[in-house]
Asker: 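Please see the structure below; I have some questions.
Only heavy atoms go into these numbers, but all of them, side chains included; no hydrogens, no water, no symmetry mates. In what follows, residues are counted from 1 in the order of the sequence shown.
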Amino acid sequence: MAGQETTSKSSYSMSSGDGPNSYPLNSNFQRGIVEAAKEPVRKAIQDSLELTTISNDTFAIADFGCSIGSNTLIATQNIIEAVKHKYHDRPPLEFQVFFNDLVNNDFNTLFRNLPPSPEFFAAGVPGAFQNRLFPKASLHIGFSSYALHWISKVPEEVVDSNSSAWNKDSIHCTGFSKEVAMAFSAQFRKDMENFLNARAQELVGGGLLVIAMPGLPEGTPCSQTYYGVINDIMGYCLLDMVKEGLISEEKLQSFNLPMYYPPINELEAVLERNADFTIEKIDPSFGSNTWIPTTPSLPKLVTSLARGIMGEIVKEYFGIEIMDSIFERYHKKLLENLNNYADIVKPLGIFVILKRKAI
Ligand SMILES: C[S@@+](CC[C@H](N)C(=O)[O-])C[C@H]1O[C@@H](n2cnc3c(N)ncnc32)[C@H](O)[C@@H]1O
């Protein structure tokens, strides 16, 4: 739709700074994932990392979609410890850690929170991870946690009122027509292929690519998962605000979240099609213990999670003046409907270890 504002741009990032609504203070769930990844990452480094040489004794690690808070620092520190342990009997390594995220990411806050004397050389690498970001064969380990479900853009047909895949009825998940779901799925497939192709060029032979991301168990509709609930509640709040005349219907109709939670079989199919990596491990029910059960504190936790993730998008699209009102409604709706969520499938993660084939 020429000239119409849509959410199809790819410049959104997590809520910046370190204030009460920022991503660093609202990402405990993601921290649980990074902590759960510690042991399988250690094991993969011990058993599967297969480097013939490490030139200049320099070991390069990149975190794709690192965001702002301490989660990326925990994840990269865990990798460094495991690599040091594996190579303890060779000359000491120097570590270089590259923190990648979109250009709008608040890299300043990230770098301000580095430990005073980090045992690595740190660098920020801005740009979309669907593209090449590093020279050929220059990385030993790539890592990405809870970032690859962000697709590079909302598919064009989804915001085109002339298309059968025009999504005017739902911001995400419940209410998606078959055509809308197919458009999101195709965009995810394309983005994931680009991500894998770029990393295949950047990793050395025998290097590892570690991925943790949300996904859906086979046969489970998104609406029956916490991921679906988180996004659908936002949709219901926005709809209420349309009814009250606080935002226009047209504005809501063109709003979509650039996210896709792949069913496990869709992700597996993309991984298997890639000829450059061997699949060392796929765990389709990863990290579910990091979630707390349905308790009265859940609405607060989920609201803070949703604000950390969706806050910037909502602010940019609907304006800063309605932010507090939206998230107050969000919290209230969760409280009112708590009983409806008792049977919702816990958030499930997918954990993948890939090894770059010899080049
Ligand atoms: C939910 S956060 C996860 C951050 C961090 N890995 C963690 O575990 O806390 C997802 C991050 O992915 C980033 N992201 C989304 N799309 C991206 C892209 N195409 N390229 C690079 N980063 C991207 C977002 O800006 C955001 O910081």
Asker: Just to verify, what does F195 make a ring-ring contact (aromatic ring centres under 6.0 Å, His included) with, not counting sequence neighbours?
Answerer: F64, F129
Asker: Could you list the donor-acceptor pairs under 3.5 angstrom formed by side chains in residues 32-43, with sequence neighbours left out?
Answerer:
residue, atom, partner, partner atom, Å
E39, OE1, R42, NE, 3.0
E39, OE2, R42, NE, 3.4
E39, OE2, R42, NH2, 2.8
K43, NZ, D47, OD2, 2.6

Asker: Run the side-chain contact (heavy atoms from CB on, under 4.5 Å) test against K332 and tell me which residues pass, sequence neighbours left out.
Answerer: E336
Asker: Before we go on, tell me: are the rings of F188 and Y261 under 6.0 Å apart, centre to centre?
Answerer: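 Ring-ring flag for F188/Y261: false, centres at least 6.0 Å apart.
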Asker: If the condition is ring-ring contact (aromatic ring centres under 6.0 Å, His included), which residues does F95 pass it with, not counting sequence neighbours?
Answerer: F59
Asker: Does a side-chain N-to-carboxylate-O contact under 4.0 Å join E244 and R329?
Answerer: yes
Asker: For N194, what residues pass the side-chain contact (heavy atoms from CB on, under 4.5 Å) criterion, not counting sequence neighbours?
Answerer: Q130, K190
Asker: Regarding K281 and the six-membered ring of F351, is the cationic atom NZ or CZ under 6.0 Å from the ring centre and inside 45° of its axis?
Answerer: no
Asker: Of all residues at least two apart in sequence or in a different chain, which pass the ring-ring contact (aromatic ring centres under 6.0 Å, His included) check with F99?
Answerer: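 Applying ring-ring contact (aromatic ring centres under 6.0 Å, His included) to F99 gives none.
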Asker: For atom CZ of F111, decide whether the heavy atoms of other residues, nucleotides or ligands shown that lie under 6.0 angstrom number more than 12.
Answerer: yes
Asker: Tell me, yes or no, whether the heavy-atom count around E179 atom CD, taken from other residues, nucleotides or ligands under 6.0 Å, exceeds 12.
Answerer: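 Enclosed.
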Asker: Scan for side chain to side chain donor-acceptor pair (under 3.5 Å) pairs involving residues 113-123, sequence neighbours excluded, and state none if there are none.
Answerer: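 Matches after skipping sequence neighbours: Q77-E119, K84-E119.
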Asker: By side-chain contact (heavy atoms from CB on, under 4.5 Å), which residues pair with R90, not counting sequence neighbours?
Answerer: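 So R90 forms a side-chain contact (heavy atoms from CB on, under 4.5 Å) with I54, D57, Y87, L93.
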Asker: Just to verify, what does N265 make a side-chain contact (heavy atoms from CB on, under 4.5 Å) with, not counting sequence neighbours?
Answerer: E218, P263
Asker: Answer with yes or no whether the side chains of S185 and Q187 bring together a donor and an acceptor at under 3.5 Å.
Answerer: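 No.
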Asker: State whether the side chain of K243 and the backbone N or O of L238 hold a donor-acceptor pair below 3.5 Å, judged by distance alone.
Answerer: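 Side chain of K243 to backbone of L238, a donor-acceptor pair under 3.5 Å: no, none is there.
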Asker: Who pairs with E193 by salt bridge (Lys or Arg N to Asp or Glu O under 4.0 Å), at least two apart in sequence or on another chain?
Answerer: R273
Asker: If only side-chain N and O atoms count, and only distance matters, is there a donor-acceptor pair under 3.5 Å linking D63 with T76?
Answerer: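 Their side chains do not contain a donor-acceptor pair, so the 3.5 Å distance test is not met.
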Asker: State which residues pass ring-ring contact (aromatic ring centres under 6.0 Å, His included) with Y146; sequence neighbours excluded, sorted by chain then number.
Answerer: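 For Y146 the ring-ring contact (aromatic ring centres under 6.0 Å, His included) partners, ignoring immediate neighbours, are F29.
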Asker: When you compare the side chains of S70 and R31, does any donor N or O come within less than 3.5 Å of an acceptor on the partner?
Answerer: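 There is such a pair (donor and acceptor under 3.5 Å, judged by atom type) between the side chains of S70 and R31.
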Asker: Assess whether side chain to side chain donor-acceptor pair (under 3.5 Å) is satisfied between T109 and R112, documenting all intermediate values.
Answerer: CA-CA 5 Å; T109 298; R112 264 199 303 275; 3.2 Å; yes
Asker: Sorted by first residue and then second, give each salt bridge (charged side-chain N to carboxylate O under 4.0 Å, His left out) pair with at least one member in residues 128-146; sequence neighbours left out.
Answerer: R132-E202
Asker: Nearest 0.5 Å, please: how far is CD in E250 from CZ in F255?
Answerer: 15.5 Å
